[in-house]
There are 2 protein chains.
Amino acid sequence: MSPEERFLREYDPGAYPRVAVTVDVVALTIRDGELHLLLIQRAEPPYQGFWALPGGFVRPDEDLAAAARREFAEETGLGGERLRRVHLEQLASYGTPDRDPRLRVVSVAHLAFAPDLPEPAAGSDAGDARWLAVSALPGRQLAFDHERIVADGLERARSKLEYTPLATRFVGDEFTIAELRGVYETVWGHPLHAGNFHRKVLSVPGLVESTGQTTERGGAKGGPRARLYRAGDARLLHPALLRPAREETAR
Amino acid sequence: MSPEERFLREYDPGAYPRVAVTVDVVALTIRDGELHLLLIQRAEPPYQGFWALPGGFVRPDEDLAAAARREFAEETGLGGERLRRVHLEQLASYGTPDRDPRLRVVSVAHLAFAPDLPEPAAGSDAGDARWLAVSALPGRQLAFDHERIVADGLERARSKLEYTPLATRFVGDEFTIAELRGVYETVWGHPLHAGNFHRKVLSVPGLVESTGQTTERGGAKGGPRARLYRAGDARLLHPALLRPAREETAR
DNA sequence: GTAATAGTGTCTTTCAGACACTATAAG
DNA sequence: CTTATAGTGTCTGAAAGACACTATTAC
């Protein structure tokens with residue numbers, strides 16, 4: 001490093017070219033047994049008419065996570081306790097020089113897990129936000145590098161279900177083991193063995209705790225009432241709930 | 001979102017306040033059976049005299065990963081094939097508004113795994129870069145929020161050894177099972193059972209492959225010559241090499 | 001009654017960890 | 001010869017997965 005460079009680096013960082021920092025949010029929920037993603041239809045160029053992740057510039061004095069939560073809240077209209085229950089974590093940052101044709105933008109992507117939420121009301125501030133089925137995405141081109149970000153977010157989500165209790169963030173406060181199994185099946189895209197899953201969930205310390213209650217009715221097509229559970233206090237699962245063998249996909 | 005805000009967001013992103021984007025590198029290596037971290041002693045305020053992670057501003061038209069690799073190369077003097085063999089991955093981004101007293105800085109931290117490297121030559125461009133033992137860090141205050149970044153990097157490294165073959169990045173091209181065990185013991189901070197580790201490493205598909213060679217001599221205090229192995233072609237380990245039970249630390 | 005589901009029992013296989021043992025090489 | 005290490009054999013316990021079975025409820 002030359003003395004000049006070191007000088008700039010230490011004393012005049014503003015002399016370096018301008019970079020914009022944004023947050024984008026990969027927000028996932030489960031509707032009707034299908035994984036859905038919150039997307040916004042772009043009204044203006046670039047990528048006019050394309051679907052894009054909700055996101056925007058980080059404001060001065062605003063934390064990265066706070067910016068992501070604000071963007072999520074703005075587009076869903078969610079607030080208060082229901083917003084606070086949404087899990088939000090940092091996913092990764094994307095900064096390929098030409099990812100936005102207007103200027104250099106580094107986006108800090110976040111990943112959100114939400115229980116089934118209503119469609120953002122049309123005509124509100126939310127504009128053109130929609131929950132779209134993830135299964136309907138392939139073939140549809142997203143704006144910027146958002147396809148890549150979504151792919152990374154989905155893989156992270158699948159992986160997080162293995163060793164954290166975050167599956168409980170996709171269901172209500174009280175839920176049955178079958179509902180929880182539905183979350184795993186939907187996110188992983190595999191049917192799971194009901195009996196073994198049931199035993200496994202109850203055997204992992206801190207995953208769920210009993211409420212002592214049961215559902216009011218049995219299933220739509222019959223069957224006994226199911227017991228209701230709440231999320232437990234574990235932050236990591238030991239032992240983990242591993243996905244059925246991906247075999248040599250990893251090689 | 002107000003119409004004004006939407007206008008700014010779409011048409012004049014430059015109107016948003018300036019944010020600087022940097023990369024920082026948590027570079028790890030193993031020297032003398034101890035985990036070491038590459039640090040730089042700061043010559044100027046803020047945090048003058050403090051140890052800090054190597055890092056700097058992302059240049060125009062430079063990818064985030066490229067910036068991190070450049071910073072690592074500048075401080076270690078490494079280049080060519082030896083530089084290419086260093087594993088580098090994105091860790092996380094840090095953007096608390098006041099993390100740098102001079103201006104708003106968002107840092108995209110990276111994590112690097114390197115085999116034992118020579119101390120950066122004094123008097124070179126590398127300046128005051130040093131490999132410091134991680135065990136000597138507690139109690140020593142680092143610049144900015146680098147303590148937090150290092151902690152996150154160490155946890156990521158420990159976790160990555162479980163389900164990836166990255167332990168092989170800490171040793172040379174050819175290595176013995178005992179050397180590989182040393183990596184795990186050093187990073188995890190636990191002694192491992194030699195016999196069980198040996199069998200486990202050979203049983204995981206794609207972790208290592210035999211060279212057919214053995215070491216020239218036995219151990220310093222006697223013992224048979226060890227067979228030499230190369231890194232295999234696996235990118236993920238199935239089944240994983242799990243750390244000895246952390247018990248309920250996670251709760 | 002019929003069909004579907006909640007929840008449990010049990011067996012097999014895989015894998016981690018403990019322990020023991022042998023073979024080889026340095027000094 | 002002594003001592004330390006490489007590598008293997010074997011047993012135990014934990015846990016995953018396959019399969020079977022009972023009890024309960026909707027219709």
Side-chain angles (χ1 to χ4, degrees), chain A residues 33 161-163 171 174-185 188 190-229 236-247, chain B residues 33 161-163 171 174-185 188 190-205 207-229 236-248:
Chain A
L161 290 207
E162 292 190 307
Y163 60 95
V171 293
E174 301 196 343
F175 51 86
T176 66
I177 303 289
E179 285 172 345
L180 194 61
R181 175 161 49 84
V183 171
Y184 276 91
E185 290 176 334
W188 284 351
H190 292 283
L192 298 176
H193 187 288
N196 289 340
F197 181 86
H198 193 106
R199 187 191 359 255
K200 172 69 184 175
V201 164
L202 295 185
S203 77
V204 175
L207 210 197
V208 300
E209 62 184 30
S210 177
T211 66
Q213 307 289 106
T214 68
T215 53
E216 289 293 320
R217 293 177 40 90
K221 305 180 204 150
R225 301 180 190 174
R227 293 178 205 155
L228 287 168
Y229 296 85
L236 288 172
L237 305 185
H238 281 294
L241 273 112
L242 297 177
R243 277 176 271 189
R246 297 158 274 185
E247 294 303 333
Chain B
L161 290 207
E162 293 190 307
Y163 61 94
V171 294
E174 301 196 345
F175 51 86
T176 67
I177 303 289
E179 285 172 345
L180 194 61
R181 175 163 49 85
V183 171
Y184 277 91
E185 290 176 334
W188 286 349
H190 293 282
L192 297 176
H193 187 286
N196 290 339
F197 181 87
H198 193 106
R199 184 189 4 249
K200 171 71 184 175
V201 164
L202 295 186
S203 77
V204 175
L207 211 196
V208 299
E209 62 184 32
S210 177
T211 65
Q213 307 289 106
T214 68
T215 52
E216 289 292 321
R217 294 178 37 90
K221 304 180 206 150
R225 301 179 190 177
R227 294 177 204 156
L228 287 167
Y229 295 85
L236 288 172
L237 306 185
H238 281 293
L241 274 113
L242 297 177
R243 278 177 270 190
R246 299 158 272 186
E247 294 303 332
E248 310 307 318

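For the numbers below, each heavy atom of this structure counts, side chains included, while hydrogens, waters and symmetry mates do not.
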Calculate the interatomic distance between [X] atom [atom1] and [N] atom [atom2]; express it in whole Å.
X	N	atom1	atom2	answer
B:Arg243	C:dC15	CZ	P	21 Å
B:Leu180	D:dA6	CG	P	13 Å
B:Leu192	D:dT5	CG	P	15 Å
A:Tyr229	C:dA6	OH	P	12 Å

For B:Ala178, answer base if it contacts any base atom (sugar-phosphate contacts may also be present), sugar-phosphate if it contacts only those atoms, and nothing otherwise; contact means non-hydrogen atoms under 4.0 Å.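 Sugar-phosphate contact only.
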Heavy-atom pair of closest approach, residues [X] and [Y]:
X	Y	result
B:Val204	B:Pro239	CG2-O, 3.7 Å
A:Gly218	A:Arg225	N-CG, 4.1 Å
A:Arg243	A:Glu162	N-OE2, 2.8 Å

Walk me through it: do A:Tyr229 and A:Leu207 pass the test side-chain contact (heavy atoms from CB on, under 4.5 Å)? CA-CA 10 Å; A:Tyr229 296 85; A:Leu207 210 197; over 6 Å; no
Is DNA chain C part of any stem, that is, at least 3 consecutive Watson-Crick or G-U pairs with both distances under 3.5 Å, and where?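 Only these stems qualify: C:1-27 with D:1-27.
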Strictly by side chain to side chain donor-acceptor pair (under 3.5 Å), give each pair with a member in residues 191-220 of chain A just once, sequence neighbours left out.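 As it turns out, the side chain to side chain donor-acceptor pair (under 3.5 Å) pairs with a partner in residues 191-220 of chain A, which skip direct neighbours, are A:Asn196-A:Arg199, A:Glu209-A:Arg230.
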Would you give a per-nucleotide map of nucleotides 19-27 of chain D, 5' to 3', where B means the base has a protein non-hydrogen atom under 4.0 Å away, S means only the sugar-phosphate does, and - means neither? B----BBSS
Would you mind telling me which of C:dC15, D:dG7, C:dA6 lies closest to the side-chain atoms of B:Lys200?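 Closest nucleotide among those given: C:dC15.
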A:Arg181: which residues meet the salt bridge (Lys or Arg N to Asp or Glu O under 4.0 Å) condition with it, sequence neighbours left out?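 Here the qualifying residues are A:Glu185.
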Under the ring pair (Phe, Tyr, Trp, His ring centres under 6.0 Å) test, which residues partner B:Tyr184, sequence neighbours left out?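 Only B:Trp188, B:Phe197 meet the ring pair (Phe, Tyr, Trp, His ring centres under 6.0 Å) criterion with B:Tyr184.
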Quick one: ring-ring contact (aromatic ring centres under 6.0 Å, His included) pairs with a partner in residues 199-220 of chain A, sequence neighbours left out?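 The answer is none; no pair qualifies.
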